[in-house]
Amino acid sequence: MSDNIQTNTTGRLTPCLQKKIDKTIYLVEVHFSDTSTQNVEDKLKRVILHDLEHGKQDRLRKSDEK
């Protein structure tokens with residue numbers, strides 16, 4: 001995977017990830033809200049906590065299925 005800077009449709013430079021899978025190249029642009037009230041640390045904490053909570057629920061469901 002390579003990191004790139006792309007010009008989006010509004011003419012702004014945005015970070016972009018490029019990944020080739022088989023014969024298809026996927027470009028994933030990163031978007032940050034101009035009106036966001038959270039800083040990066042708060043967002044990461046929220047994402048990690050969400051993943052931990054939902055990961056635990058998924059593991060419990062899978063063990064119930066056995």
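Start at 1 with the first residue, then count along the sequence. Atoms considered below: every heavy atom in the structure, side chains included; atoms not considered: hydrogens, waters and symmetry mates.
- Legend: residues meeting side-chain contact (heavy atoms from CB on, under 4.5 Å) with K45, ordered by chain and number and at least two apart, are E41.
- Applying the side-chain contact (heavy atoms from CB on, under 4.5 Å) criterion to I25, with sequence neighbours excluded, gives Q18, K20.
- Between the CD1 atom in I48 and the CD atom in E53 there is a gap of 12.0 Å [rounded to 0.5 Å].
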